[in-house]
Amino acid sequence: MKMKNYDHTKIEKKWQKEWDKNEVYKTQNKGKKMYVLDMFPYPSGVGLHVGHPRGYIGSDVYTRMKRMEGFNVLHPMGYDAFGLPAEQYALQHKIHPRKAVEVNVKTFERQLSIMGISYDWTRKVNTTDPKYYKWTQWIFLQIFNSWYDKSKNKARPILELESLFEKSGNIKVNAVCDFDTKIFTAKEWCLFSKIEKQNVLMKYRLAYEGHSEVNWCEEMGTVLANDEIVNDTNGNPVSERGGFPVVKKSMRQWFMRITAYANRLLAGLDGLEWSDHIKEIQKNWIGKSEGSEIEFRIKNYELGIKIFTTRADTIFGATYVVLAPEQPLVKNLESRITNLDEVNKYINSIKNKTDEDRTKSDKEKTGVELKGIKAINPANGEEVSVWIADYVLATYGTGAVMAVPAHDERDYEFANKYDLPIKNVVNNNLDSKNPYLDDGILINSDNFSGMTSEEARVKITEFVSGKIVTKYKMRDAIFARQRYWGEPIPLKHNSEGIITQLKEKDLPLELPNVKSYESTGTGESPLAGVKSWVKEGYETNTMPGWAGSSWYFLRYMDPQNSKAFASKKAIDYWKDVDVYVGGQEHATGHLLYSRFWNNFLFDLGHVPTREPFKKLRNNVVNPDDIVNNYGADTLRIYEMFMGPFEQSLPWSTESIIGSRRFIDRVYRLQSKIVDKKSSIDVEKIIHKTLKKVTEDIEDFAFNTAVSSMMILVNELEKSESIGKKDFKILLQMLAPFAPHITEEIWIDLGEKKSIHKSIWPKWDKNKIVDELLKIAVQVNGKVRTEIMISKDMTDEEIKEMATKDKNVEVWIEGKEIKRIIYVPNRIVNIVV
RNA sequence: GCCCGAGUGGCGGAACUGGUAUACGCGCACGACUUAAAAUCGUGUCUCGUAAGGGAUGUGGGUUCGAUUCCCACCUCGGGCACCA
């Protein structure tokens, strides 16, 4: 490892210092803007470290070219330091989370800077800084104080909803609200007590308090999201971090009504330059489906059962109805159920099961008939039995389904087990292996027989007075953690249960110091143990990890502002993120929540665009530590060269040597520099390569950009000399990949200003056209020879030249030429 | 089960909107320089064949003058969702 061609450690350190001193990467506030963002990291259990430099390097290469192209680039970095990972780390090491964050941030910054990443560090943000989370709390209050107007399709202030209630109650209000919201008139509204009003409004707020069954982890003393839970080796649910057991528990929670935005989050994907893969994941997660809501009347009772189905065409085959055990209607029917004991026993048995157990698809279906209750099939007036079963989900659709065993696999299984009637109403191909085919011709369906499923869906829905509706699988997001290390929620509860909110001037509500930030084990946050906090009535839950990260990209635009989360001027200038680079593990979390918040802020006029991230590129995990042996420039080139940017690659310390050799060769090429013009051939290849490199960086095709520069260097080595001017072009196009060595040579060549402040060169059109070109000649699609053509030959001349070629004549002799196809500058194909 | 995506040398991978498949790099072999080694440079490197030529982009079909690229079926791998009615 001795006697390198250049001393990477010395050179790289020198320039990193120099760039820092001269603020080479400082963002301006004018010019054509370009916002290139890396997802900011959060401290992990093993401390914060640069685990995967690939993404940071890729976005840095892109950033550097854009800067040289004259864009005013914003390329910042910061820290998402609230949340479980930081807290767990602190607990394990018996230090305060704030201390843990400080230590880890230092390590991280050192590792980033040795790779030569060109961040503007003056714009650093940290979600745990009270000056930052003041605005996280402010945004929370905006959401809390808003409702979703379906007719205008946007969020509006809650005050406007109250005045609508005063005018005409809620009957005419077309808003997104809780499923069980009751109808009231203006008069009734005015008679409501303060607390009753508060409860009603809570059903409309976009941030709301409610109760829900949650995943409770006793050891960690906290609620976990579904994606924070994994299965242990026995198939039991445990926390992803630590592997502690997880059970179901009903708890008071704060929620974000993200479901109000389901359709916009789905539709907004169309205009985004994201990979199809990530879009697909978000689409599935949102889970839109069109169907019908249809009421089955209950015999001798005023209420009916509303069911949701996507197969209204099969309603003539509906032979029973199933409710989810938690469906509120079950309670209402209690007095009429003749086997209530059996029913209650079933409901209780369900409560003790985890989601995991309930949703295992290979599990045998169970259920109980509600005896004494009969429903009427609205299509044919037949009486059908009513059941509860846990294969129906309370949280999707209406929590009730019509069962059509002939055309639904799950209903079929259930009907077979409990001996319920099965009636075929769609004439599928009966010998087909799958009796549940989507489409067919209706039979046994009165006037609808003979129609296709497709037609019948809408017609039958009308016939039974149902309506066409759209449902989503996505649920509202829980917005609370029973933990210490998070943003306090800026709300107070008084002894009567009235909720008041902090005024803007009183923000931030700072996280108090506590003796013990360890879990209380009771399910309450450690904040519940702080007397002064509880006395004031402050909310003891804190915000979840995703709060601070849902808007940080806006803060970078104006990170020091104390009057607003960012000034209007800064927001109007930067608008949105042009390119966003980060891991795809955030597809259904961060990337969805940020889009939700940004759409919301757009509705209230705080930001100028709906979607925050125009272009998304995903980085994948890879190890590091090559810098010491080979240098940062080598690491950067290697990471970019070894394959497509968005693909995970196995690390190979063997092949990295190729990247180092490449740099060494560039370094040695200096001996060929002359003070006059280079030969035509050298000029040509320089400009051709420049064109390719420019286009490739634009497309994030870094691997082929490096490859074409390698070809260029191979060619230059064969040449006698290189003009200084052309050599500088090579340095410039290499600068984004290898910022240190190129800077070193650049300054050596007598330049005064940093190469990174130089202007990205433009390729010369005239220099990339070849006078002579080699093209292939095929006979019947097989290559037989190559010919040289000049650029001013006509098509006819080229075709003639091809047919006259000796190597071709052998193959066409004595045969009739049927056609000659000439693809300009590529190929001639002679068909005989 | 459903929905995406991908299969190219010993390895990482390239091939623009259908136009000379295997660029570039690693590895390997041989050679040059050297007392020697390292480093560096040069030559070769899909496969069968002495050659002329033939065959290969997961498998089998199809469209086309021409297919890694488009279409159909199947196989394998990766990812997402999962009792969503």
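Each chain gets a letter, A, B and so on, in the order its sequence line appears, and its residues count up from 1.
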*Asks:* For A:E717, enumerate each residue passing the salt bridge (charged side-chain N to carboxylate O under 4.0 Å, His left out) test, keeping only those at least two apart in sequence or located in another chain.
*Replies:* A:R665
*Asks:* As a test of the definition: with a 90° window around 0 for syn, would you call B:G9 syn or anti?
*Replies:* syn
*Asks:* With both distances under 3.5 angstrom, what nucleotide forms a Watson-Crick or G-U wobble pair with B:A29?
*Replies:* B:U43
*Asks:* The side chain of A:I827 lies closest to which of these nucleotides: B:G79, B:C24, B:G19?
*Replies:* B:G19
*Asks:* Closest-nucleotide mapping onto RNA chain B: is A:Q778 or A:M710 further toward the 5' terminus? I mean the 5' end.
*Replies:* A:Q778
*Asks:* What does B:A23 pair with, Watson-Crick or G-U, if both distances are under 3.5 Å?
*Replies:* none
*Asks:* Rounding to a whole Å, what distance do you find between A:F662:CZ and B:G25:C1'?
*Replies:* 11 Å
*Asks:* Considering just the side-chain nitrogens and oxygens of A:R819, establish if one lies under 4.0 Å of OP1 or OP2 belonging to B:G66.
*Replies:* no
*Asks:* With respect to the side chain of A:Y391, which nucleotide from B:C83, B:C81, B:U20 is positioned closest?
*Replies:* B:C83
*Asks:* Side-chain contact test, heavy atoms from C-beta onward, threshold under 4.5 Å: evaluate it for A:Y593 versus A:I258 and give yes or no.
*Replies:* yes
*Asks:* How many whole angstroms separate atom CZ of A:F641 from atom P of B:A14?
*Replies:* 10 Å
*Asks:* The side chain of A:A776 lies closest to which of these nucleotides: B:C81, B:C41, B:U20?
*Replies:* B:U20
*Asks:* Enumerate the salt bridge (charged side-chain N to carboxylate O under 4.0 Å, His left out) contacts for residues 808-832 of chain A, please, sequence neighbours excluded, ordered by first and then second residue.
*Replies:* none
*Asks:* Rounded to whole angstrom units, what separation is found between the CG atom of A:D664 and the P atom of B:U40?
*Replies:* 7 Å
*Asks:* Does the B:C65 base have a donor-acceptor partner in the side chain of A:K818 within less than 3.5 Å?
*Replies:* no
*Asks:* For the pair made of NZ in A:K473 and C1' in B:G80, what is the distance, rounded to whole Å?
*Replies:* 11 Å
*Asks:* Counting only side-chain heavy atoms from C-beta out, which of B:C83, B:A14, B:C81 sits nearest to A:W285?
*Replies:* B:C81
*Asks:* Does any nucleotide pair with B:A38 by Watson-Crick or G-U wobble geometry, both distances under 3.5 Å, and what is it?
*Replies:* none
*Asks:* A:E280 side chain: which of B:C26, B:U20, B:C4 is closest?
*Replies:* B:C4
*Asks:* Rounded to whole angstroms, how far apart are CD1 on A:I798 and P on B:G19?
*Replies:* 18 Å
*Asks:* Nearest whole Å is fine: how far is B:A39 P from A:D7 CG?
*Replies:* 19 Å
*Asks:* Would you say A:I305 and A:Q327 make side-chain contact, with heavy atoms under 4.5 Å?
*Replies:* no
*Asks:* Given side chains that start at C-beta, do those of A:N780 and A:W811 come closer than 4.5 Å, heavy atoms only?
*Replies:* no
*Asks:* Output every pair passing ring pair (Phe, Tyr, Trp, His ring centres under 6.0 Å) with a member in residues 690-720 of chain A, not counting sequence neighbours, ordered by first then second residue.
*Replies:* A:Y62-A:F700, A:F645-A:F700, A:F645-A:F702, A:F700-A:F702
*Asks:* Pick the nucleotide of RNA chain B nearest each of A:Y472 and A:K692; which residue has the one closer to the 5' end?
*Replies:* A:K692
*Asks:* Just call it for A:V401: base, sugar-phosphate, or nothing, with non-hydrogen atoms closer than 4.0 Å on any strand.
*Replies:* base
*Asks:* Salt bridge or not for A:K799 and A:D795, using N-O below 4.0 Å?
*Replies:* no
*Asks:* What residues in residues 693-708 of chain A put a non-hydrogen atom under 4.0 Å from any atom of RNA chain B?
*Replies:* A:N703, A:T704, A:S707
*Asks:* Looking only at side-chain N and O atoms, does A:R661 come under 4.0 Å of OP1 or OP2 in B:G25?
*Replies:* no
*Asks:* With ring pair (Phe, Tyr, Trp, His ring centres under 6.0 Å) as the criterion, how do A:F463 and A:F448 come out once you've worked through the C-alpha distance, each side chain's angles and the decisive distance to 0.1 Å?
*Replies:* CA-CA 10 Å; A:F463 171 67; A:F448 300 95; 5.3 Å; yes
*Asks:* Look through every strand shown and name the nucleotide pairing with B:C2 as Watson-Crick or G-U wobble, where both distances are under 3.5 Å.
*Replies:* B:G80
*Asks:* Could you tell me which nucleotide pairs with B:A85 by Watson-Crick or G-U wobble geometry, both distances under 3.5 Å, or answer none if nothing does?
*Replies:* none
*Asks:* Could you check how far OH of A:Y638 sits from P of B:C24, rounded to whole Å?
*Replies:* 19 Å
*Asks:* Looking at B:U59, which nucleotide sits across from it as a Watson-Crick or G-U wobble partner, both distances under 3.5 angstrom, or is there none?
*Replies:* B:A73
*Asks:* Using side chain to side chain contact (heavy atoms under 4.5 Å, CB included) as the criterion, point out the one residue from A:I11, A:I637, A:V666 that pairs with A:I741.
*Replies:* A:I11
*Asks:* Side chain of A:N829, heavy atoms from C-beta onward: which of B:C41, B:C65, B:C26 has the nearest atom to it?
*Replies:* B:C65
*Asks:* On the 0 to 90° scale, with breaks at 30° and 60°, tag the A:F414-A:Y320 ring pair as parallel, tilted or perpendicular.
*Replies:* parallel
*Asks:* Round to a whole Å and report the spacing from CG of A:N284 to P of B:A82.
*Replies:* 9 Å
*Asks:* Output side-chain donor-acceptor pairs under 3.5 Å for residues 287-294 of chain A, partner residues at least two apart or in another chain, one line each.
*Replies:*
| residue | atom | partner | partner atom | Å |
| --- | --- | --- | --- | --- |
| A:K288 | NZ | A:N263 | OD1 | 3.0 |
| A:S289 | OG | A:Y396 | OH | 2.8 |
| A:E290 | OE1 | A:T470 | OG1 | 3.4 |
| A:S292 | OG | A:T461 | OG1 | 2.9 |
| A:E293 | OE2 | A:K471 | NZ | 2.9 |

*Asks:* Under 4.0 angstrom, heavy atoms only, what part of the nucleic acid is A:I711 near: base, sugar-phosphate, or nothing?
*Replies:* sugar-phosphate
*Asks:* Any N/O pairs under 3.5 Å between the protein and nucleotides 52-54 of chain B? List them or say none.
*Replies:*
| residue | atom | partner | partner atom | Å |
| --- | --- | --- | --- | --- |
| B:G54 | OP1 | A:R784 | NH2 | 3.3 |
| B:G54 | OP2 | A:R784 | NH1 | 3.1 |

